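Some notes on the structure that comes next.
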Amino acid sequence: MTKLRAKPVLASVLGLGLAAAAPAQAQEPIEIGAIYILSGVVSTYGEFAQNGANLAVEEINENGGVLGRPLEITFEDSQLQAQTAIQAMRKLVYQDQVDVLMGLDSSGVATGVVPVVPELQTPFIITHAATPDATGKLCNEWTYRISVNINQNVKAAAIMADESGAQSWTTVGPDYAFGHQSWEFFQKYLSELNPEATFSGSPSFPSLGTEDFTPFINTVIDAQPDGVFLSIWGGDLVNFTRQATDLGFFEQDFEVIMSLGAATEVLHALGDQMPTGITVGTRYWYDGPENAVNDAFVKAYREAYGKVPSYNAQNAYAAVYAYKNAIEKAGSVDKAAIRKALSGMTFQAPMDEVHFRKGDNQAVVGPVYGVTAENPDEEIRKLEPMRIFDGASVTPPVSETGCKLGG
Amino acid sequence: MQTFVAALLNSLDLGILLFVIAVGLNIIFGVLNVINFAHGALYMLGAYCAYTAIGLLGLPFWLALVAAPLVVAAVAVVLERLMLHRIYDRSITDSLLLTFALLLIIDESVRWIWGTSIHIVDPPVGLRGTFTVFGAQHPVYSLFVMAMGVLVGVGLWLFFTRTRAGKVMRAAASDRKMSRLVGINVPLVFTGVFALGAGIAGLGGVVAAPMRAIGPAMGANIIVESFIVVVIGGLGSFPGAFLGALILGAIHGFGSRFLPDLNLVLPFIGMAVVLLLKPHGLMGRPAT
Amino acid sequence: MSAGRLVVWGALAAILAALWWLPSWAPYFYIFVATEVLILGLFAGGFNLVFGYTGMLSLGHAAFFGFGAYISAMLLLHLQTPLILALLAATAGGGLLALLIGFFCVRLTEVYFTMLTLAFGMMVFSIAQQWRSVTNGSDGITGFTVGDFGIGLDLVLGNPAVFYQVTLVVVVLAAALLYLITISPFGLILRAMGENPERVAFTGIPVRRYRLYSFAISGTFSGLAGGLFAPFTRVASPDMVHWAQSAEPVLMSILGGSTTFLGPFVGSAIFVLLETWITSFTDRWMLFLGIVLALMVMYLRRGLFGTAVDWLRQRRTRSS
């Protein structure tokens with residue numbers, strides 16, 4: 001998927017501030033720089049993000065752009081590595097002269113990237129990476145997150161877990177920040193709701209990209225807990241689910257919660273191989289929100305790409321619109337002005353009304369959880385019953401996040 | 001007991017699948033003296049062809065089982081004629097480098113053609129479902145994988161010892177000059193060998209497809225696994241590849257189950273130990 | 001000194017001057033590109049001591065590079081040591097690890113040596129990936145900044161241009177030292193071993209021990225490169241130890257040419273610049289790399305710089 005670039009090659013190679021002398025400055029495009037995983041094991045998520053972002057850019061440009069200027073977006077591949085993502089950021093800011101940054105799929109990469117963002121003096125909207133640290137102990141005034149983070153997602157999971165009545169829990173999660181932190185917060189939140197709950201001393205953390213989950217599935221079956229909390233995602237979850245079905249995992253007595261099981265990337269891949277009756281979560285569910293913006297977005301996305309939008313697509317789409325909103329609020333594209341405009345900003349995204357909390361720049365949003373059920377109308381499972389968690393009910397207070405932005 | 005049996009079954013189907021993939025690597029090395037870094041990419045190509053045949057074209061699994069390896073073999077012929085044959089007389093290092101380049105090319109091309117989405121392929125109707133032994137539930141398809149592996153092993157052994165084509169290949173492997181002198185068309189034989197090795201890798205891909213999600217990173221892990229197998233078993237040794245594969249399968253199946261914190265490092269320790277104690281592998285002979 | 005040599009030294013001096021003043025004439029982003037070229041060039045140059053000179057293909061050199069990165073990152077994160085200390089520690093670490101691993105690897109030759117280096121390299125990767133309590137696992141060491149350089153030099157290392165110039169000085173000094181090693185009697189023996197190890201053994205030289213020295217020295221320079229890489233990218237992660245990272249100096253040595261000293265450095269420049277340019281147009285960079293590499297291995301085996309040097313030499317012998 002190549003980026004949308006109208007600039008001639010020479011100008012991009014020179015890349016200096018020659019624009020000052022250029023006439024027709026009103027037509028000069030506003031540059032967005034986006035970093036996603038575009039290669040390797042979870043590259044399908046990056047592709048969905050590109051879809052969402054491109055759709056937003058096209059829509060906005062068709063309606064006259066922002067402040068009379070068109071938007072242009074450049075994508076760089078993080079390759080699931082922090083050092084590559086940081087170099088990509090430097091390239092976007094210094095060579096491509098972008099006005100704003102967005103992106104990041106991996107929590108692990110985010111822990112490396114977020115501390116470096118202030119040096120680049122460019123606003124950065126995270127649309128996927130969920131580690132609490134990005135708006136927690138690593139928070140800074142240039143970094144925002146529009147997407148549901150681990151605290152919010154897992155708090156809802158803990159509520160679902162508590163309601164299920166299961167007492168002893170174990171987990172299978174990917175062996176990096178996301179898996180470990182999901183488990184850490186699941187234990188914390190569930191313990192708060194149910195002090196009697198117990199947690200396995202030997203949870204499983206297979207590497208991201210593991211192909212054979214059989215040993216880990218069998219470990220859980222042997223342990224016979226009351227409930228299993230799965231934070232595996234993407235292609236790993238597809239593999240896990242199929243292999244688990246073969247091993248009789250879903251016929252056991254334990255409760256199963258998949259914190260990212262309702263990602264459409266996963267549901268599309270599995271089709272009717274996703275068992276019914278499983279509790280799954282997602283950061284956005286296309287059929288959930290009841291507002292005009294969502295209806296229009298889902299319709300437009302379907303027409304453009306032939307599928308329903310995943311959470312990664314919505315998040316990227318919403319981020320572009322958030323940026324547009326910030327520009328209009330600030331009346332300029334100046335980076336510091338945008339930063340101030342984003343802080344505390346509220347705007348309508350497909351998923352919900354999104355508010356960037358002043359204390360940590362985290363959007364106060366909540367996940368959607370549901371139980372998988374057969375769906376005669378679509379190629380993927382539907383969620384029934386479905387439960388949309390209100391952001392305020394799952395977002396911890398700023399004092400608990402470790403963020404010291406103040407204000 | 002259930003735990004042990006479950007781990008054993010897992011080790012077996014993993015190991016035998018690894019054998020199917022690694023044996024092609026061994027054949028290519030044995031005859032061409034080339035270490036095919038692109039072997040994992042060819043396996044991945046086989047899996048994607050299976051997805052196209054079964055998932056997109058709706059062909060039956062059995063047809064894909066035959067067609068996909070042929071497609072991969074055809075691609076291998078093209079690559080061999082265009083690039084690989086130029087470096088047969090060079091050092092093994094050069095073959096590693098060139099096949100690494102092929103890996104990059106095949107990997108990217110697969111992503112270009114099929115995109116980044118994750119796909120799945122179902123086992124054929126006759127092989128779905130599960131069975132239970134000693135309380136451990138296991139997919140029926142896994143038995144098919146094991147049977148396929150044994151079939152491939154026996155088939156190749158018969159091919160190399162009983163058929164004329166196989167004997168010609170072995171002749172070309174042991175002495176190229178002499179083979180030419182007795183009228184064997186060595187370049188043609190070499191193309192055939194590379195195609196055969198690649199085809200088997202592709203077959204491995206089709207066989208693995210119902211067990212694994214098909215995605216862009218399929219080829220990446222499997223090549224190092226294949227190297228470990230042929231190193232442990234012995235470069236160029238047939239039964240060695242089988243033994244090496246079973247050992248690695250056991251390391252994964254039992255190691256990940258009982259020592260999950262060490263599951264990444266164990267295979268490499270195994271590889272290093274064998275190299276230091278028996279560099280030619282447990283059943284190998286020195287590379288000529 | 002002959003006219004030819006004067007030209008070579010003059011060209012070198014001019015290039016170094018241009019590199020020193022790069023922040024003033026190149027677009028800002030290229031300061032980062034140049035820093036990366038220098039660091040990876042040092043890695044490749046150190047690697048080539050084992051590959052081009054001693055004739056052994058190691059696929060595990062990222063172990064030393066990555067180890068150096070981790071040492072440097074951990075010192076900067078936990079103790080905020082001056083950069084020079086972090087670099088010295090990384091250099092020593094790389095060398096010691098190479099001595100340890102090399103002790104086992106040099107017992108083997110040819111493809112078996114290569115496989116064993118791959119095994120050890122991936123062992124170190126597995127440890128970096130799974131020993132979460134020490135290395136922070138797959139997420140790596142992050143969130144550290146670079147403070148002083150040390151030895152009384154008052155440098156603002158947070159400024160990329162300053163960091164670049166410091167890197168330039170360090171790399172040039174290290175490369176000079178490496179060059180002296182290659183033209184020393186020791187270096188000549190290594191080269192002889194690369195061409196014909198048996199003949200060298202007949203002269204009574206302990207080939208295996210010299211291979212170990214070569215491997216250890218190479219690891220030292222790789223560790224230094226890693227020690228610079230961590231503060232540059234602000235991360236030390238297991239990817240820096242993975243075999244895919246080990247493949248980079250190999251590719252760079254092939255691109256530039258493994259038979260000359262400067263080949264790997266030129267190769268690093270070609271590789272990084274190509275990647276930077278091509279990824280601006282397409283995300284099929286790996287495909288281009290594969291095609292370029294294939295062409296190089298098939299037709300330009302001595303690399304671009306190596307072939308250029310050969311061609312120049314041929315012209316001179318023809319005209320004299």
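What you see is a predicted model, and the numbers here were worked out from it, not measured in a lab. Each chain gets a letter, A, B and so on, in the order the sequences are listed, and its residues count up from 1.
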Next on the checklist: At a 4.5 Å cut-off on heavy atoms, which part of A/Glu211 comes close to chain B: side chain, backbone, both, or neither?
Outcome noted: both

Part of [X] lying under 4.5 Å from any heavy atom of chain A:
{"X": "B/Glu108", "value": "neither"}
{"X": "B/Leu14", "value": "side chain"}
{"X": "B/Met218", "value": "both"}

Item to check | Closest-packed option against chain B by number of heavy-atom pairs under 4.5 Å, given A/Val42, A/Asp175, A/Thr214 | outcome: A/Thr214

Checklist entry - Does atom CZ of B/Phe134 have more than 12 heavy-atom neighbours, drawn from other residues, nucleotides or ligands, at distances under 6.0 Å? => result no

Next on the checklist: For the CD atom on A/Glu379, are there more than 12 heavy atoms of other groups (residues, nucleotides or ligands in this structure) within a distance under 6.0 Å?
Outcome noted: no

Item to check | Residues in residues 245-253 of chain A near chain B [non-hydrogen atoms, under 4.5 Å] | outcome: A/Thr245, A/Asp246, A/Leu247, A/Gly248, A/Glu251

Close side-chain approach of [X] to [Y], heavy-atom, < 4.5 Å:
{"X": "B/Asp122", "Y": "A/Gln273", "value": "yes"}
{"X": "B/Arg257", "Y": "A/Asp222", "value": "yes"}
{"X": "B/Pro216", "Y": "A/Val41", "value": "no"}

Checklist entry - How many angstroms lie between OG1 in B/Thr116 and CZ in A/Phe48, if you round to the nearest 0.5 Å? => result 7.5 Å

Item to check | A/Ile217 CD1 to B/Gln137 CD distance, which is reported to the nearest 0.5 Å | outcome: 11.0 Å

Checklist entry - So B/Ile120 and A/Arg242, side chain to side chain contact (heavy atoms under 4.5 Å, CB included) or not? Walk me through it. => result CA-CA 9 Å; B/Ile120 61 173; A/Arg242 295 178 79 219; 3.6 Å; yes

Next on the checklist: Ignoring hydrogens, what is the shortest heavy-atom contact between A/Asn239 and B/Ala213? Give both atom names and the distance.
Outcome noted: OD1-N, 2.5 Å

Checklist entry - Taking all non-hydrogen atoms of both residues, which atom of A/Phe216 and which atom of B/Pro260 are closest, and how far apart? => result CE2-CB, 4.4 Å

Item to check | B/Arg111 vs A/Ser39, side chain to side chain contact (heavy atoms under 4.5 Å, CB included): CA-CA, chis, key distance, verdict | outcome: CA-CA 8 Å; B/Arg111 196 163 70 85; A/Ser39 59; 4.2 Å; yes

Next on the checklist: As a test of understanding, state which of A/Thr44, A/Val266, A/Asp236 forms a side chain to side chain contact (heavy atoms under 4.5 Å, CB included) with B/Ile118.
Outcome noted: A/Thr44

Next on the checklist: Could you tell me if B/Asn10 and A/Asn218 have a donor-acceptor pair between their side chains, going purely by distance under 3.5 Å?
Outcome noted: no

Checklist entry - Looking at B/Val140, B/Ile214, B/Val121, B/Asp107, which has the largest count of heavy-atom pairs under 4.5 Å with chain A? => result B/Val121

Checklist entry - Looking at B/His138, B/Gln2, B/Arg212, which makes the most heavy-atom pairs under 4.5 Å with chain A? => result B/Arg212

Checklist entry - Side chain of A/Glu265, backbone of B/Ser117: donor and acceptor closer than 3.5 Å? => result no

